[in-house]
S.K.: 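Below you'll find the structure I mean.
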Amino acid sequence: MMSIWTIARKELSDSLRNRWLIAIALVFATLALGIAWFGAAASGEVGYASTPATIASLASLGIFLIPLIALLLAYDAIVGEEEGGTLLLLMTYPLSRGQLLLGKFLGHGLTLALATLIGFGVAGVAIALLVQDVAVGTLAVAMLRFIISTTLLGWGFIALAYVVSVWVSEKPVAAGLALAIWFFFVLIFDLVLLGVLVASQGGFNPDLLPWFLLLNPTDIYRLLNIVTFSDGAQLSGVLSLGTDLPIGPSGLWLALVLWFVVPLTGAWALFRRRRI
C-alpha cells in the first residue's frame, strides 16, 4: 500500500508543480459562477435562475470539459514514462505493475477530485452567500451530488486514457486516440444511436433501447444530474429514453462506478502483457 501511495503522491506533486490542479480548479470555478449568474439570460434577465437549472447547465457543459481534461491529464501515464526512459527504472524497484498503475490512477484521480471539489465548491459557497432566498440545503445536496458524479465521470475517462497509454508505444498515437475517445463518447455516440433508431423504424425492442444509454458514461452523467430534478422534463433526443430505465438513480451511480473500474481492470490486464 505504501508503494501505491508513494506513486500517487508523486503524480499529485507533479500536477501541483505543473499547475494542473490550480488551472482546472480555476476553470471550474469561473464556469460555474458564470453559469450561475447568467443562468437567467435566456429570459432577458441577469442573475441566478434556480438550483435545478444551474446543475443542468453545469452538467451539459461538464460532458464536454470533464472528459477532455481527464484524457489530457492521463493519456501519457505509461507511454510517457516509457519514452522518457523512467518506466524501466520504476520496474527495477520492488513495485508490481498493478501497484504502479493503481498508484498513478490514485494520483490523477485525486488531482481531478480536488480540482472539482475546490472549483465547484467555491462556486457553491459563493452562490449560497451572494444569492438571496436560495435554499442552501437543496443547493448543498445538489452541488455535492454534482461534484461526486463529475469526479466519477472524470475517473472513467482517466481509466480509458490508461487503456490507451498501456496499449500504444508512442505519445502522439496515445494523444490521437485519446481525442478520438473524447470525440466518440461526447459527440458521436448519441448521433449514431439516434441514427440507428431512426433507420430501424421502430424495429428495436423498446424495452431494450434505454439500456444503450449505459454504454456511454456521459449519458449516465447527464441522467444523474438532470432526471433527479426534472423527472425527465428537460430530456430530449436519445436521453429521453432514460426515463424508461428501470434501474433508478442507484443503478446509474453503479454504472458510473463500473465505467472506471472495468477500463482500469482492462488497462491492468494489458499492462501485465506489455513488454518493457
Side-chain angles (χ1 to χ4, degrees), residues 12 15-74 108-158 182 185-187 217-231 233-236 239 249 252-253 256:
L12 189 58
S15 298
L16 287 170
R17 186 171 60 253
N18 297 332
R19 304 293 191 270
W20 260 106
L21 194 152
I22 297 173
I24 297 171
L26 285 175
V27 169
F28 287 167
T30 302
L31 291 175
L33 289 172
I35 288 175
W37 255 258
F38 295 97
S43 59
E45 301 177 359
V46 176
Y48 187 72
S50 65
T51 297
T54 300
I55 296 298
S57 297
L58 287 173
S60 298
L61 180 65
I63 62 169
F64 292 96
L65 191 60
I66 303 301
L68 184 61
I69 289 175
L71 290 166
L72 291 176
L73 188 64
H108 286 139
L110 283 174
T111 298
L112 189 63
L114 287 173
T116 303
L117 178 62
I118 294 171
F120 292 123
V122 167
V125 171
I127 292 171
L129 293 176
L130 300 178
V131 177
Q132 295 181 350
D133 301 325
V134 66
V136 177
T138 301
L139 175 66
V141 171
M143 289 299 293
L144 180 61
R145 181 171 53 244
F146 174 73
I147 289 171
I148 294 174
S149 63
T150 299
T151 300
L152 291 177
L153 177 68
W155 286 359
F157 279 90
I158 288 175
W182 177 86
F185 283 112
V186 174
L187 300 177
T218 63
D219 285 340
I220 300 171
Y221 173 74
R222 282 192 288 179
L223 289 172
L224 275 173
N225 288 289
I226 297 177
V227 172
T228 304
F229 280 116
S230 63
D231 296 324
Q234 298 182 35
L235 297 179
S236 60
L239 276 184
L252 292 174
W253 283 109
L256 204 55

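Note that the coordinates shown come from a computational prediction; the quantities given were computed from them, not determined experimentally. Residue numbers run from 1 in the order of the sequence given.
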S.K.: Roughly how far, to the nearest 0.5 Å, is the CD1 atom of I24 from the OG atom of S15?
M.R.: 7.5 Å
S.K.: Can you name the nearest heavy-atom pair linking G121 to I147, along with the distance?
M.R.: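 Looks like N-CD1, 4.0 Å.
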S.K.: Of all the heavy-atom pairs spanning F185 and T218, show the shortest one and how long it is.
M.R.: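 Closest heavy-atom pair between F185 and T218: O-OG1, 3.3 Å.
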S.K.: Write down the atom of P67, the atom of G62, and the distance for their closest heavy-atom approach.
M.R.: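 Taking P67 first and G62 second, the nearest heavy atoms are CD-O, 3.3 Å.
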S.K.: Within a strict 4.5 Å, meaning less than it, do heavy atoms of the W182 and L187 side chains meet?
M.R.: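 When only atoms from C-beta onward are counted, L187 and W182 do touch, with a gap below 4.5 Å.
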S.K.: First locate atom CH2 of W253, then atom CG of L224, and finally report the distance between them rounded to the nearest 0.5 Å.
M.R.: 5.5 Å
S.K.: If you round to the nearest 0.5 Å, how far is CG of L139 from CZ of F146?
M.R.: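 Nearest 0.5 Å value for the CZ-CG distance: 12.0 Å.
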S.K.: Search all heavy atoms of A59 against all heavy atoms of R222 and return the closest pair with its distance.
M.R.: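 Looking at all heavy atoms of both residues, the shortest contact is O-CG, 4.4 Å.
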S.K.: Working to the nearest 0.5 angstrom, can you tell me the gap between L153 CG and I148 CD1?
M.R.: 14.0 Å
S.K.: Do T150 and L58 have side-chain heavy atoms sitting under 4.5 Å apart?
M.R.: no
S.K.: Say you draw a straight line from CG of L152 to CG of L252; how long is it, rounded to the nearest 0.5 Å?
M.R.: 12.0 Å
S.K.: Please report the shortest heavy-atom distance between F157 and P217, naming the atom on each side.
M.R.: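 Shortest heavy-atom contact: CE1-CG, 3.8 Å.
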S.K.: Please tell me if the side chains of L21 and I118 come closer than 4.5 Å, counting only heavy atoms from C-beta onward.
M.R.: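 The answer is yes, as the side chains (C-beta and beyond) meet within the 4.5 Å cut-off.
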S.K.: Heavy atoms only: give me the nearest N225-S149 pair and the separation to one decimal.
M.R.: ND2-OG, 3.1 Å
S.K.: State the CD1-OG1 distance between I22 and T111, to the nearest 0.5 angstrom.
M.R.: 11.5 Å
S.K.: side-chain contact (heavy atoms from CB on, under 4.5 Å) between I63 and Y221: does it pass, once the steps are laid out?
M.R.: CA-CA 8 Å; I63 62 169; Y221 173 74; 3.5 Å; yes
